[in-house]
Amino acid sequence: MVILTSCSFFLFYLQALPLVSNSVAGSLLQEEGQELNKWEGYVNWRNKPAMRDQHGGMLAASFVLVVEILENLAFLANASNLVLYLSKFMHYSPSSSANIVTNFMGTAFLLAVLGGFLSDAYFTTYRLYLTSAAIEFMGLLILTVQAHTPSLKPPICASASTEIQCEKVNRRKAAMLFTGLYLVALGVGGIKGSLPPHGAEQFDDTTPQGRKQRSSFFNYYVFSLSCGALIAVTFVVWIEDNKGWQWGFGVATAAILASIPVFLLGSPIYRTKIPAGSPITTMFKVLIAAVCNNCKSKNPSNAVMGMKTSPSSYTTETGEEGNATKVKVPSQTLTEDLEFLNKAVTEKTVSPMLQCTVKQVEEVKVVLKIIPVFMCTIMLNCCLAQLSTFSIQQAATMNTKIGSLKVPPASLPVFPVIFVMLIAPTYNHFVVPFARKVTKTEMGITHLQRIGTGLILSIIAMAVAAVVEMKRKKVAIESGLLNSAEPLPITFLWIALQYLFLGSADLFTLAGMMDFFFTEAPKSMRSLATSLSWVSLSMGYYFSSVLISTVNNITSIFRHTPWLSGSNLNHYHLERFYWLMCILSSLNFLHYLFWANRYKYRTESTAD
């Protein structure tokens with residue numbers, strides 16, 4: 001009986017064993033499938049692993065594009081017309097107003113590097129956008145209150161003569177003005193440093209389709225910038241000029257507030273890159289290690305590890321959901337570019353804290369190689385700075401009527417904005433596919449070719465601007481209106497020509513820069529690298545202020561009055577300033593060609 005029972009249990013075990021094995025195997029396959037479905041290094045908005053079939057893609061990026069329309073509307077609604085607000089209502093001189101605007105916009109774009117750094121190192125792009133939008137909202141609210149309250153502004157100056165000085169804003173009122181402006185600048189910087197990389201991170205850069213979609217995203221990001229700008233320089237500027245600045249600031253405040261719930265609507269499908277620690281710390285560690293080891297390299301026993309020992313692998317740490325895990329990565333070979341940095345990888349370092357991996361050294365090399373390209377775009381953005389300052393002031397002295405319609409001078413950017421909105425989809429859907437067929441490459445038109453095209457267009461724009469200013473001053477002299485505030489008998493549409501060329505230059509250069517910096521930069525530094533596009537704008541605005549001050553200082557030595565000084569624009573030598581910028585832009589383009597011809601794009605083998 002016992003024997004029969006034992007045999008029965010044995011037979012049942014043999015029959016059940018395949019079922020158990022199949023169940024275990026199915027469970028293991030299911031778990032393996034779930035692991036493969038995860039986006040490595042990314043989380044969702046709840047800080048859980050992002051899944052390939054649930055997060056990311058063009059739909060997620062489309063929320064970013066809509067948010068950018070609202071955010072740029074809020075920013076440009078006031079920045080495009082701010083120079084007139086400062087001169088007419090706060091009673092600053094034209095040159096002082098121009099410098100305040102360029103410093104404000106320069107600071108806003110410069111702070112984008114802080115936003116990019118925080119996104120890469122400590123915060124996610126998701127959280128940083130929400131925080132920055134709240135800060136910008138507070139700044140715009142302060143400006144709205146000041147514009148609405150007469151006691152917070154200087155007395156109205158109704159003088160028709162340009163020779164009579166109006167009372168400037170006092171310290172207390174100026175403090176409120178600059179507090180609002182620079183809170184806006186801080187918020188804009190955080191948004192510019194986090195929103196573009198947040199959208200670009202929604203695509204899978206390990207596939208050709210994902211890389212093409214990411215390139216399209218940057219084109220449409222510039223398109224979204226233009227959509228927001230179109231509303232800003234038409235509808236909002238009209239409100240500011242006809243209904244009052246408190247309403248203009250109010251619309252901007254409402255726009256940035258509305259962008260927050262729109263951004264939150266995409267939360268369930270966003271994928272967000274996990275912060276990997278400070279990339280700047282890594283860069284300084286490699287640079288310091290290279291310097292120290294090069295100084296110590298006279299000792300022959302201190303050989304470079306990558307050349308002498310060729311380790312089979314190195315170890316990196318990646319964090320997921322707060323748990324650090326060590327991953328073995330195949331060894332990389334030190335390249336010959338920037339060979340000075342190769343000695344950061346040594347068998348014996350000056351300090352254990354300066355121990356560097358081959359991967360870290362190669363990543364720093366990539367960053368250093370894109371810096372010359374970044375530097376060459378600053379001059380173009382210095383040219384763009386004139387669109388927010390002198391170009392608007394020029395238009396304000398001219399006849400701004402088209403038929404019976406009176407167009408505000410600050411609405412001049414509508415011409416390049418409409419052109420960009422037309423050319424961006426055309427470029428993305430027709431020019432790029434055609435170029436891909438002709439060149440048989442994935443990009444079709446390279447990033448550096450796009451940037452170079454923008455630089456050429458900026459040279460043409462400055463030459464056109466100089467010719468138009470000569471024509472404007474000639475009309476002022478012939479009509480006897482040099483010292484009058486009355487509009488000159490010449491249409492402001494002449495100024496639209498320089499807007500058209502510079503707007504086209506901005507389309508080619510900005511989208512090209514953002515795609516170039518994001519694609520070429522190491523994965524741990526992408527937000528920081530993308531923010532260089534905005535830092536270039538910032539440096540351009542700052543350089544414009546420095547250039548104006550330098551020109552005034554030098555020309556005051558040889559003349560009683562500098563080229564760009566006083567309250568009457570008709571007495572300025574603006575045409576000479578534009579010719580100077582045309583020459584500087586031409587020299588800058590030659591400098592760009594030197595670096596662009598020597599740049600080598602990252603290959604697939606060196607991608608993260």
Side-chain angles (χ1 to χ4, degrees), residues 41 113 116-117 120-121 205-206 276-318 326-376 446-448 516-532 591-608:
V113 76
F117 169 74
D120 282 331
D205 59 359
T206 62
S278 172
I280 295 179
T281 303
T282 302
M283 290 185 63
F284 277 113
K285 184 176 78 169
V286 171
L287 293 173
I288 294 172
V291 171
C292 292
N293 293 336
N294 270 280
C295 293
K296 193 181 176 183
S297 62
K298 294 180 180 180
N299 183 357
S301 63
N302 189 57
V304 177
M305 183 185 294
M307 297 179 178
K308 181 178 178 181
T309 60
S310 300
S312 59
S313 64
Y314 58 87
T315 303
T316 61
E317 292 188 1
T318 60
K326 292 189 176 182
V327 180
K328 283 285 185 177
V329 183
S331 64
Q332 293 181 344
T333 304
L334 288 168
T335 59
E336 295 181 0
D337 295 333
L338 300 175
E339 195 171 351
F340 170 83
L341 296 176
N342 288 351
K343 291 191 177 181
V345 184
T346 61
E347 292 178 347
K348 296 179 181 179
T349 59
V350 176
S351 169
M353 294 179 64
L354 296 178
Q355 183 68 52
C356 302
T357 64
V358 176
K359 179 175 181 288
Q360 290 174 333
V361 172
E362 291 303 311
E363 286 182 347
V364 172
K365 285 183 180 182
V366 170
V367 175
L368 292 179
K369 285 190 289 186
I370 66 176
I371 287 178
V373 176
F374 154 75
M375 297 294 291
C376 292
T446 67
H447 305 135
L448 294 178
F516 174 70
F517 293 144
F518 187 91
T519 303
E520 295 297 297
K523 194 171 183 179
S524 61
M525 304 182 189
R526 280 180 169 175
S527 296
L528 182 61
T530 306
S531 69
L532 289 178
H591 180 223
Y592 173 78
L593 286 179
F594 174 83
W595 293 106
N597 286 330
R598 285 159 177 77
Y599 188 85
K600 294 180 181 178
Y601 289 95
R602 294 181 69 189
T603 61
E604 292 299 322
S605 61
T606 60
D608 287 316

Rounded distance [0.5 Å steps], CD in Gln355 versus NZ in Lys285: 8.0 Å

Rounded distance [0.5 Å steps], CE in Met283 versus CD in Glu363: 10.5 Å

Set of residues satisfying side chain to side chain contact (heavy atoms under 4.5 Å, CB included) with respect to Ala529, sequence neighbours excluded: Phe517, Ala521

Side chains of Leu448 and Asn597 in contact at under 4.5 Å (non-hydrogen atoms): no

Nearest-0.5 Å distance, CG of residue Leu532 to CD1 of residue Ile371: 7.5 Å

Phe374: ring pair (Phe, Tyr, Trp, His ring centres under 6.0 Å) partners, not counting sequence neighbours: none

Atom pair OG1 (Thr282) and NZ (Lys359), whose distance is rounded to the nearest 0.5 Å: 8.5 Å

Residues that Ser531 engages under side chain to side chain donor-acceptor pair (under 3.5 Å), provided they are two or more places apart: none

For Thr519, all residues meeting side chain to side chain contact (heavy atoms under 4.5 Å, CB included), sequence neighbours excluded: Arg214, His447, Asp515

Any Ser524 side-chain heavy atom under 4.5 Å of Asp120 side chain: no

Side chain to side chain donor-acceptor pair (under 3.5 Å) partners of Lys365, counting only residues at least two apart: Thr335, Asn342, Glu362

Closest contact, heavy atoms only, Phe594 versus Arg598: O-NH1, 2.9 Å

Phe284: partners by ring pair (Phe, Tyr, Trp, His ring centres under 6.0 Å), with sequence neighbours left out: none

Atom pair OG1 (Thr530) and CZ (Phe516), whose distance is rounded to the nearest 0.5 Å: 11.5 Å

Residue pair Tyr599 / Ile370, side-chain heavy-atom distance below 4.5 Å: yes

Tyr592 side-chain N/O to Pro372 backbone N/O, donor-acceptor pair under 3.5 Å: no

Spacing of NZ belonging to Lys369 relative to NZ belonging to Lys600, to within rounding of 0.5 Å: 8.0 Å

Test log, rule side chain to side chain contact (heavy atoms under 4.5 Å, CB included), inputs Leu528 and Val367: CA-CA 10 Å; Leu528 182 61; Val367 175; over 6 Å; no

More than 12 heavy atoms of other groups within 6.0 Å of Met375 CE: no

Note: Asp205-Arg526 ion pair, threshold 4.0 Å (strictly below): yes

